[in-house]
2 protein chains.
Amino acid sequence: MSDQVMTIREMCDAFDVTPRTLRFYESKELLFPIRDGQKRLFTRRDRGRLKLILRGKRFGFSLEDIRQVLDLYDLGDRERTQMTRALELARDRLAEMRRQRDDLDTMIAELNEQIIEGEKALAEKNRTAA
Amino acid sequence: MSDQVMTIREMCDAFDVTPRTLRFYESKELLFPIRDGQKRLFTRRDRGRLKLILRGKRFGFSLEDIRQVLDLYDLGDRERTQMTRALELARDRLAEMRRQRDDLDTMIAELNEQIIEGEKALAEKNRTAA
DNA sequence: CGTTACGGTGACGTGCACGTCAACTTCCCT
DNA sequence: AGGGAAGTTGACGTGCACGTCACCGTAACG
């Protein structure tokens with residue numbers, strides 16, 4: 001049953017982050033561990049959120065950006081206006097992510113091209129040097 | 001002929017960055033504007049590099065990371081060992097970018113799913129409220 | 001009952017990527 | 001010759017995302 005909730009150390013080992021990071025994310029309202037006295041206990045929900053946070057960070061999203069999106073993932077009982085607003089935000093993010101993917105595809109193609117060129121140049125260098 | 005080289009202001013307008021940014025990039029050896037006396041003049045090469053820099057930044061790459069890759073784009077006459085090293089680095093970057101694209105695809109799919117769910121919930125809310 | 005381990009809370013420090021501001025040149029215009 | 005616009009070099013300031021350190025609580029172990 002202890003994998004229902006995890007201690008801070010278990011979290012750190014599982015996600016390769018420091019305690020400081022988890023506490024920092026809590027202070028920024030990205031995670032909401034429950035408390036056993038003073039001690040934090042991270043739930044399944046926290047683990048899901050952390051996974052998304054770490055993914056988001058790999059694309060240069062700020063923690064604030066990520067928080068906005070995360071909120072979409074548990075809009076339970078919100079005001080219509082709040083929900084509408086959140087959806088608009090999410091659609092914007094989605095559009096941006098699609099643009100990013102296009103850019104990323106371009107970068108991958110270009111870098112790949114450059115690597116091939118580089119390999120050619122290297123092969124030539126080795127040939128003439130031999 | 002003046003679009004062979006551009007002033008700092010023309011660059012700023014063209015790429016939507018500040019002079020400070022361009023000077024900063026030069027100090028980090030990401031750009032190499034030529035000089036007319038004191039004044040910087042940015043060449044076509046600088047423009048190409050800046051474009052790549054700005055794209056790289058959108059994915060959370062550090063300027064140092066970007067510099068390493070940029071160097072690959074003009075490896076003219078380098079030592080074999082240097083070239084080999086640069087190619088290795090580029091292949092690593094390429095692999096990471098492919099991983100990032102996979103992650104990004106996952107995130108796009110998941111966010112899209114959440115948006116659909118959100119839209120459903122919102123529609124339901126509107127129905128029951130009516 | 002001491003101490004070792006794990007966890008907590010401030011508070012200050014750090015690296016990155018610039019922003020901001022002061023104090024010059026340099027060129028152009030009238 | 002005077003004045004403004006654009007550019008330059010320091011040097012210090014800033015926001016973000018944590019790192020680090022000092023100090024405190026407490027649960028467990030020998």
(request) Give one of base, sugar-phosphate or nothing for B:R20, where a contact means two heavy atoms less than 4.0 Å apart. (result) base
(message) Output the rounded distance in Å from CG (A:L22) to P (D:dA17).
(response) 15 Å
(request) Find out whether the Lys NZ or Arg CZ of B:R93 is both under 6.0 angstrom from the six-membered ring centre of B:F61 and within 45° of the ring's axis. (result) yes
(message) Please confirm whether the shortest side-chain N or O distance from A:Y25 to OP1 or OP2 of D:dA17 is below 4.0 Å.
(response) no
(request) Calculate the interatomic distance between B:R58 atom CZ and C:dA17 atom C1'; express it in whole Å. (result) 17 Å
(message) From CG of B:D36 over to C1' of C:dT25, roughly how many Å is that when rounded to an integer?
(response) 13 Å
(request) Quick one: label B:R40 by what it contacts on the DNA or RNA (base, sugar-phosphate, nothing), any heavy atom closer than 4.0 Å. (result) sugar-phosphate
(request) Give the rounded distance in Å between these two atoms: NZ of B:K28 and P of C:dG15. (result) 12 Å
(request) Using a cut-off of strictly less than 4.0 Å, decide whether A:T7 has a side-chain nitrogen or oxygen near OP1 or OP2 of C:dC6. (result) no
(request) Find the distance B:R23:CZ to D:dT9:P and express it as a whole number of Å. (result) 7 Å
(message) It should be established whether A:T21 places a side-chain nitrogen or oxygen under 4.0 Å from OP1 or OP2 of nucleotide D:dG19.
(response) yes
(request) Specify the separation, in whole Å, of atom CZ of B:R9 and atom P of C:dT26. (result) 21 Å
(message) It should be established whether B:R35 places a side-chain nitrogen or oxygen under 4.0 Å from OP1 or OP2 of nucleotide D:dT9.
(response) yes
(request) Side chain of B:Q38 only, please: which of C:dT9, D:dA17, D:dT8 is the nearest? (result) D:dT8
(message) Without decimals, in angstroms, what is the distance between A:D13 CG and C:dC6 C1'?
(response) 13 Å
(message) Could you check whether B:E96 pairs with B:R91 (Lys NZ or Arg NE/NH1/NH2 to Asp/Glu carboxylate O, under 4.0 Å)?
(response) no
(message) Any salt bridge linking A:E110 with B:R55? Criterion: basic side-chain nitrogen under 4.0 Å from a carboxylate oxygen.
(response) yes
(message) Rounded to whole Å, please give me the gap between CZ in B:F24 and C1' in D:dG7.
(response) 20 Å
(request) Measure the spacing between CD1 of A:I53 and CG of A:L30 and express it to the nearest 0.5 Å. (result) 4.5 Å
(message) Is the phosphate of D:dC18 approached by A:T18 (side-chain N or O, under 4.0 Å from OP1 or OP2)?
(response) no
(request) Could you please spell out the steps behind the side-chain contact (heavy atoms from CB on, under 4.5 Å) verdict for B:M107 and A:M97? (result) CA-CA 8 Å; B:M107 290 179 73; A:M97 284 163 70; 3.3 Å; yes
(request) Please determine, for the side chain of A:L63, which listed nucleotide (D:dC18, C:dA17, C:dG8) has the closest atom? (result) D:dC18
(request) Assign each of B:K57 and B:K39 to its nearest nucleotide of DNA chain C by heavy atoms, then name whichever residue's nucleotide is nearer the 5' end. (result) B:K57
